[in-house]
Amino acid sequence: SEHRPGPRPKVSFPVQLHMTIQDRYEPAEVESAAQRAWEAAGTFVAREDAARPKYYCLCMFPYPSGHLHMGHVRNYTIGDVLARYMRMQGCNVLQPMGWDAFGLPAENAAIENGVAPARWTRDNIAHMKRQLQSLGFGIDWSRELATCDADYYKWNQWLFLRMLERGIAYQKTGVVNWDPVDQTVLANEQVIDGRGWRTGALIEKREIPMYYLRITQYSEELLAALDRLPDWPERVRAMQANWIGKSEGVNLSFPYETGGTRGELKVFTTRADTIMGVTFVAVAALHPLAELAASRDASVRAFVDECRRGSVMEADLATMDKKGIATGLSVRHPLTGAEVPVWVGNYVLMAYGEGAVMGVPGHDERDFAFAKKYDLAILPVIDVQGQPYSTAAWQDWYADYGRCVNSGAYDGLDYAAATDAIARDLEAKGLGRKQVVWRLRDWGISRQRYWGCPIPIIHCPACGAVPVPDEQLPVRLPEDLVPDGSGNPLAKHPAFYECRCPQCGAAARRETDTMDTFVDSSWYFFRFASAGNERAMVDERAAYWLPVDQYIGGIEHAILHLLYSRFWTRVMRDCGLTRLDEPFQRLLTQGMVLNEIWFRKPASGRIAYYNPAEITAKADGERRTGVLNSDGAPVEYGGIGTMSKSRRNGVDPQALVDRYGADTARLFMMFAAPPEHTLEWSDEGVEGAFRFMKRLWKIVHAHVQGGPAGRPDLPALDPTQRALRRQVHQTLAKVGDDIGRRRTFNTAIAAVMELLNALARFSDSSAQGRAVMQEALDLVVLMLAPFVPHASHAMWQGLGHATAVVDERWPAADESALVQDTIELVVQVNGKLRGRVPVPAGADEAVARAAALADPGVAKFVAGQPVRKLIYVPGKLVNVVI
RNA sequence: GCCGGGGUGGUGGAAUUGGUAGACACAGCAGACUCAAAAUCUGCCGACCGCAAGGUCAUGCGAGUUCGAUUCUCGCCCUCGGCACCA
């Protein structure tokens, strides 16, 4: 453990007898006392209770990397603030926690240190759990789970078998990165500049059999249902819609005959109206026609092989130089019968559409560039409002919709009419029809890795792929293997893979692939609500708690994790395990926590990263430069990026907690930025939050020392007391709105800080003054309880309450305290601020106008000119237009 | 490249429905307290002009709509996230 208590001065007694809080703010003592109190009372153990409104508050569970990072602190503090706030609203709150415990880092650690992934993972979990507990999150730990526990992943396997039965899970080949030296499949992350990260060997693409989940069967539903998620951020819904990517277009066939074989090259297009402008077709390197041409021509073979060595990532495909080679084959245009050459293009995706595209250089930018490069014909066939077309250079409007020209029978038709006519003619010839195509692809879940959930299949020489019978579940992952980086350890472990066929009893081989870890995280929120059930995946407790009322997690999960969870929930629904369509009612996507990146890149060897804390940085004109503290030599600045282990730019939250306490760490995290913003980390500023805590503590302490205070006698308050009380209740209303509706925790905290500044200035030791102060401090502590629960716990008792603040209700603002007789109107002349005038609240326009024009500052600018117009926004402003 | 965010003082940010730009903090400067330091407290703190009163400019850049634009529209620049085997 790296938990080292930081230097902290010891408290000095004596404490007077009638005081219940110490004179000095000591977070370590306050926090452990509060945590002990919650633990003893079982405060956060959630029980199903039909009589109360339930509130399931869930944060994305962490990968147990070993240490909490700032993103976790941000995520779980947001969740805890909402959970505690909803509890104060009277809700029955469930806030569980678990571990997304399978994955690649455990194997990497094993390769580096020789420790078994199971051991490494469980040690990390133990450490991170202590860290979470020290932050005082109100978590129901009785429901804790780890996805590497057999009683969890058993149900992955069980539902996978149900999916096989229903045809949702199926087997087909998929493309992977293959390291020829280590004889192993690599993750995209392990491929650097086309080479294996450990071996440096050139990576090949390889096709292997894998299991897929038919998420595309739910495309339409997953897309349509986005409209019924009003409490999801607009941007997440937009990203998912684009990911699912519904396009309506035309599927058409180019017939061909070569060397005695007849066939049809299938192509999908959303621009069938440009079909008369086709001058070539391009196929993916993995397309059968490319393979056919390669078998006949060495240069095509070489090009196809080169493409196959390239990256499998879409981002790389989209940005690489567009290259191609003529196959020497040709196909016939489906409408004109003209001969069209077939090319292989490195930019054509095998996984989208048909793995082939029709080339219309006249109206597609990529095709245009390709035609220019390889001297292919460019044929304009769309007229965009008579604009002059030149093949010399691409213009953006070339891709716009217009009317067909040079298109024979289709001339003069617009996009819709041309598409209809062309689709009809193609259909008459049996060479095409309208079709909807989705960008979404089926979800490949096979991973050739050890530290994951085994896929419950047995391969029998006679019976083929046989599902493991339910009663043999779980297929347990042996926990004592240590991967060495070459191949999958399961495939080298006969005790695991040697087995009998469940159907015929013959010797058979167990599947050694494991599941994508996204499977684990696609339904864990159900399991929290059915914790410990050994007989069923979910039970009636899930029906009580689900859906998750508030889900909170990083924006980086906006697509994959959330989409897979929505899909998995629907599969569970179709299997009768839930009645829900959607698992997450409301979603908050927190921004990422970023930090500076500093590195050195030696002429040879691997790039070395340094933590910003080890760097002294300065601005050198436009450039930012820095030196490493330990050797004084320069380091390069790599900009701002997510905190990551590989870039060594993480900040350890434990140091903050040790130095300032959990409350300060939580408070600062929530104050630094609104939750959805990305946050550039800075150590400075934490001091401000700590100062606030000390100030608050001091004011509470000073007030308590004056002895018990009564309740304010409202009609007897003087104007100063009345004004303070108004601010208190204004703040209360704002803070409730900021937390409950707007989720802008930073402004809620700022409002309380402003109030505290007012309380510090308020020195009134009269009975009424002290009564107003008591009410104010009570409310301040209640308002802050979700943010700084430990200090609030202590101060609440210090203020003379016998209850625990965690069990208190959120107070309602006193409307009568908010009433004001006179308000200040802002006066503008031609939109520029020229004065402020007091008017009675509710003044009509005539009164406001008279008051505004009478103001000397305003009169100076009006200067006798006629008022052309006067805008009056009641209660706010007057704009005099002259 | 495609998809989605973001850009406001030296810094993080505020301005909630188109209505006072810079709340609240951080850093900095000055002062009080102190033998001294720390801590604490008080004041100042966008730029420019001005002795001042006050004025002008200013929310990435360029246009537009409006009595009024940080907010709406269009174009551009920079930056961050995702792109299907990192989680």
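In what follows, chains carry the letters A, B, and so on, assigned in the order in which the sequence lines appear, proteins first and then strands, with residues in each chain numbered from 1.
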Fill in: Polar contact flag, side-chain donor to acceptor under 3.5 angstrom, D100(A)-S521(A)
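No, because no side-chain N or O of D100(A) sits under 3.5 Å from a partner of the opposite role on S521(A).
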Does any nucleotide pair with [N] by Watson-Crick or G-U wobble geometry, both distances under 3.5 Å, and what is it?
| N | value |
| --- | --- |
| rA53(B) | none |
| rC86(B) | none |
| rG81(B) | rC3(B) |
| rG68(B) | none |
| rG28(B) | rC44(B) |
| rC61(B) | rG75(B) |

Can you tell me how the ring of [X] sits relative to the ring of [Y], calling it parallel under 30°, perpendicular over 60° and tilted otherwise?
| X | Y | answer |
| --- | --- | --- |
| H72(A) | Y76(A) | parallel |
| W568(A) | W443(A) | perpendicular |
| F370(A) | Y347(A) | perpendicular |

Indicate, with a heavy-atom threshold strictly under 4.0 Å, whether [X] touches base, sugar-phosphate, or nothing.
| X | answer |
| --- | --- |
| H561(A) | nothing |
| R741(A) | base |
| R742(A) | base |
| M515(A) | nothing |
| L104(A) | sugar-phosphate |

Nearest to the side chain of [X] - [options]?
| X | options | value |
| --- | --- | --- |
| M592(A) | rG81(B), rC83(B), rA87(B) | rG81(B) |
| R834(A) | rA25(B), rG4(B), rG55(B) | rG55(B) |
| R441(A) | rA84(B), rU16(B), rG19(B) | rA84(B) |
| K860(A) | rC24(B), rC83(B), rG54(B) | rG54(B) |
| M239(A) | rC86(B), rA25(B), rG81(B) | rG81(B) |
| T747(A) | rA14(B), rC24(B), rC26(B) | rA14(B) |
| A318(A) | rG1(B), rA87(B), rU20(B) | rG1(B) |
| R235(A) | rG5(B), rG19(B), rA14(B) | rG5(B) |

Item to complete: Classify the side chain of R836(A) and the base of rU20(B) as holding, or not holding, a donor-acceptor pair under 3.5 Å.
Response: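 When only heavy-atom distances are counted, R836(A) does reach the base of rU20(B) through a donor-acceptor pair under 3.5 Å.
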Worksheet item: Any N or O donor-acceptor pair linking the side chain of N242(A) to the base of rC3(B) at under 3.5 Å?
Response: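 A donor-acceptor contact between them is absent.
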Item to complete: Answer yes or no: is there a donor N or O on one side and an acceptor on the other, between the side chain of T216(A) and the main chain of R441(A), under 3.5 Å?
Response: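 Judged by distance alone, no pair lies under 3.5 Å.
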Worksheet entry | Whichever of N188(A) and T319(A) has its nearest RNA chain B nucleotide further upstream toward 5' |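 Counting from the 5' end, the first nearest nucleotide belongs to T319(A).
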Worksheet item: Of K832(A) and K322(A), whose nearest nucleotide on RNA chain B comes first from the 5' end?
Response: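 Result of the comparison: K322(A).
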Practice prompt. Flag the pair E754(A) and K734(A) as a salt bridge only when some basic side-chain nitrogen lies within less than 4.0 angstrom of an acidic carboxylate oxygen.
Written response: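 Answer for the salt bridge query: no.
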Fill in: Nearest-Å distance once atom C1' is located in both rC61(B) and rC67(B)
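It works out to 26 Å between them.
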